[in-house]
Amino acid sequence: MRFSKAYIPTTKESPKDALLPSHIYLSRGGFVTQVASGLYNFLPLGKRVLRKIETIINEEMDRVGALEVDLSFVTPAELWQESGRIEKFGKELLRFRDRKDNLFVLGPTHEEMMVSIVRNRVTSYKQLPINLYQIKTKFRDEARPRFGLMRGREFVMKDGYSFHSSTEDLDREFDAMEASYKRILERLGLDFRIVEADSGAIGGTGSKELMVLAQSGEDTLAVCDTCEYGANVEAARRAPRKSIPEAPSADFARFKTPNIKSIEDLSQFFKVDPYYTLKAVIKRAMYIEGSELVCFFIRGCDELQEVKARNSVGAIDLVDASEAELVEIGLVPGFVGPLDQDKIRLVMDNDTKNATTMICGANESDYHFVGVDLSVMNEAVFADLVEVQEGDGCPHCDGKLTHTKGIEVGHIFKLGTTYSAPLKAEYLDENGRSTPFIMGTYGMGVSRLVAAVIEQHHDDKGCIWTHATAPYMVDVMISNIKEEAHVAYAETLYESLGKAGIETILDDRKERFGFKMSDAELIGFPYTVIIGKEMENNQVQIMIRKTREILTVNADEVLSKLKELIG
RNA sequence: CGGGGCGUAGCUCAGUAUGGUUAGAGUACUUGGUUUGGGACCAAGGGGCCGGAGGUUCGAGUCCUCUCGCCCCGACCA
């Protein structure tokens, strides 16, 4: 491609609304333009990058035997009523009626559609397993789109669905898909982590997220500094504590603690480590129908993880409870404890099981119990409720956990029969019994990956595309278009690069050196061949975008040098 | 959906507190010339329903009311 014939509208100034590097450089570099909130146009360069990523996904899916399909973007609302998700998705589903007044939605994900195309067609266990996927535009009318391509309303997603006749076979496929996704991200040149994720309200037995590590990521991850373990903090576990503070010695007693309500005050008052105090966190748990107050007990040194807490009671949401709400049901704010507690539903953190010499509220103003042996609570409900902190031990090895930020670019999920059962998608097993499919689902955010590459690979000059994602591998830049010998040499080089199968753009614009260099750096071609002053010595220069290092090479060795660099 | 901010040239923004010639700058664009290793210089041009509607006024980019759009924080996000 000749730059002079291309449509690459670069700009010196960034759009005022852009905050993230990916948003700024993808706009300035002429990859995308914004249309409306959460809607973007892909210009020629952006489209090339998108297609590169899609091609890699297609190749890897093909390798593991997944079959590409293409489902209708517009889906009948009936399917969503059948699965019960039309209410759950709420306003995120863009709904509209056709001329015959039938209700449709724009697909935000395609579980229903995918189930419907195998339903009554795949009818025997002999036809299983089957793994179908597509790469397609999705639409979710997000309440707050943001960060450019990172969270758009319209976006490109690869979504795959597998159907099985046993959970063992689903497990096998799930592992295969994890490996496949890993290869895709490796090929794209991304630094990522596969982490355990919250499987949430949808149920299922396993869920993993693929996280591209970047400061601007919206998710917080706990990762081990020694082994491969990583998890979204919503689901992260930790090893049992190794260094346990010295236990206070006290017999069970009711103790006057005037106006001592916080964990901090309490531990100072008794001169005891917060580890031996019991923290009560009271939330209002919201269900599909109704709500109730729930008290979560954790050690004073820990913090409540809301997603874990929510899952422990099967709630849709947890909201903070006001002191007035506590008083109303007869609790004493600041002095709530688990002993003889019948006014509120309790959930105890696993780490409080059989804890001894604890201090907890006495359910009476200005009194705490000391020397409490929590083994009396063994009949209570226990769950993992705490958020892991940096420095906590890894659950798999002796390493320590640290926190890092990630961009969720993929999510794989063991669905089981969550959709196949309500949608009555069934096959006949070996015994002739009608059985719902056991399903897995595998998503990957393709347009989000475009942004993720730049979030991870940029500098203050612009984009730094990886080899697999670059819109063009090489930019052949003619420093001064009036030097006929230079132009002639550039044309020859451009042609031979093309013959060698290296995607090249020839910057033949009538612009000055600095202008063209800035564009090359902003757009981020991996290699720019500068044809200019060094031609006096029959030499040209190669600028390596990643390091901005400039190599001087003999004019007749450029091709072989580039081949060597590209590898 | 709650809170805040912003809509003026393709883009980035002045101008709006206190209404008053023909609405500005930089950049981008067109033409001519000079330049040619880090977004050049000179000259001449084209480009605006001042987001939209209604009002107040002799007169509105500026004041009032209503709307629409965009951004940020939060809630939400299989």
Side-chain angles (χ1 to χ4, degrees), chain A residues 9-20 23-24 27-28 30 33-39 80 83-86 88-93 107-112 114-115 138 140-148 150-153 155 157 159 161 197-204 207 209 218-219 234 286 306-307 310 316-320 408 410-415 418-419 439-443 445 448 461-462 477-483 486-487 507 509-523 528 530-536 540-541 543 548 550 552:
Chain A
T10 58
T11 61
K12 200 158 30 167
E13 292 188 273
S14 40
K16 63 172 173 181
D17 296 329
L19 292 174
L20 291 194
H23 193 187
I24 292 170
S27 302
R28 284 191 51 208
T33 60
Q34 184 173 5
V35 183
S37 180
L39 306 180
W80 293 83
S83 72
R85 281 212 292 183
I86 195 154
K88 199 178 167 209
F89 250 96
K91 287 189 170 176
E92 275 191 34
L93 272 182
T109 173
H110 277 183
E111 280 83 0
E112 283 82 355
M114 204 59 93
V115 167
K138 301 285 186 286
R140 296 181 191 177
D141 199 357
E142 295 258 6
R144 184 146 107 81
R146 59 189 119 172
F147 305 144
M150 206 69 92
R151 182 176 289 280
R153 290 192 292 174
F155 56 98
M157 182 163 93
D159 52 324
Y161 310 84
D198 167 44
S199 43
I202 198 166
S207 155
E209 291 167 333
E218 292 187 81
D219 291 277
E234 295 173 355
M286 314 297 288
E306 284 218 15
V307 174
R310 192 173 71 202
I316 291 172
D317 193 18
L318 293 182
V319 296
D320 290 342
E408 184 191 342
H411 197 163
I412 57 176
F413 215 104
K414 293 179 187 174
L415 277 179
T418 311
Y419 292 94
M439 291 177 60
T441 180
Y442 319 97
R448 181 179 280 184
K461 300 285 182 185
M477 190 192 102
I478 306 166
S479 178
N480 183 351
I481 202 80
K482 288 194 175 164
E483 296 282 352
H486 298 186
V487 174
D507 194 346
R509 293 175 299 171
K510 188 175 172 298
E511 297 288 351
R512 294 163 66 96
F513 176 82
F515 187 92
K516 291 187 181 184
M517 273 299 276
S518 297
D519 264 0
E521 286 165 332
L522 173 61
I523 295 166
T528 298
I530 304 164
I531 296 162
K533 283 193 168 165
E534 299 300 319
M535 282 297 277
E536 289 172 18
V540 299
Q541 290 159 308
M543 193 261 292
R548 296 182 66 226
I550 293 182
T552 302

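Since this is a predicted model, take the numbers as computed values, not measurements. Lettering follows sequence order; numbering is per chain, from 1.
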Asks: Can you build the contact string for nucleotides 23-31 of chain B? Use B for base contact, S for sugar-phosphate-only contact, and - for no protein heavy atom under 4.0 Å.
Replies: ---B-----
Asks: Does A:Arg548 have any salt bridge (charged side-chain N to carboxylate O under 4.0 Å, His left out) partners at least two apart in sequence or in another chain, and if so, which?
Replies: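 Scan of A:Arg548 (salt bridge (charged side-chain N to carboxylate O under 4.0 Å, His left out), adjacent residues dropped) gives A:Glu521.
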Asks: Could you tell me which residues satisfy salt bridge (charged side-chain N to carboxylate O under 4.0 Å, His left out) with A:Glu218, sequence neighbours excluded, listed by chain and number?
Replies: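 Salt bridge (charged side-chain N to carboxylate O under 4.0 Å, His left out) list for A:Glu218, sorted by chain: A:Arg151.
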Asks: Using the 3.5 Å cut-off, write out each protein N or O paired with an N or O of nucleotides 3-6 of chain B and the distance between them.
Replies:
none

Asks: So, using side chain to side chain donor-acceptor pair (under 3.5 Å) as the criterion, who are the partners of A:Ser83 when residues are at least two apart?
Replies: A:Glu112
Asks: Considering residues at least two apart in sequence or located in another chain, which fulfil the side-chain contact (heavy atoms from CB on, under 4.5 Å) criterion with A:Leu39?
Replies: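 Scan of A:Leu39 (side-chain contact (heavy atoms from CB on, under 4.5 Å), adjacent residues dropped) gives A:Val35, A:Ala36, A:Phe139, A:Arg153, A:Glu154.
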Asks: Once side chain to side chain donor-acceptor pair (under 3.5 Å) is applied, do any residues pair with A:His411, and if so which ones, sequence neighbours excluded?
Replies: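 By the side chain to side chain donor-acceptor pair (under 3.5 Å) rule, A:His411 matches A:Ser207, A:Glu408.
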Asks: Which part of the nucleic acid, if any, lies within contact of A:Met543, taking any heavy atom under 4.0 Å across all strands shown: a base, the sugar-phosphate backbone alone, or nothing?
Replies: nothing
Asks: Could you list the residues that satisfy side chain to side chain donor-acceptor pair (under 3.5 Å) with A:Glu92, not counting sequence neighbours?
Replies: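 Here no residue qualifies.
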Asks: Which residues pass the side chain to side chain donor-acceptor pair (under 3.5 Å) test with A:Asp519, not counting sequence neighbours?
Replies: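 Once residues adjacent in sequence are excluded, the partners of A:Asp519 under the side chain to side chain donor-acceptor pair (under 3.5 Å) criterion are A:Thr10, A:Arg509.
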Asks: Between A:Ile530 and A:His411, name the one whose nearest nucleotide on RNA chain B is closer to the 5' end.
Replies: A:Ile530
Asks: Take atom CG of A:Asp317 and atom P of B:rA75, then tell me their distance rounded to the nearest Å.
Replies: 11 Å
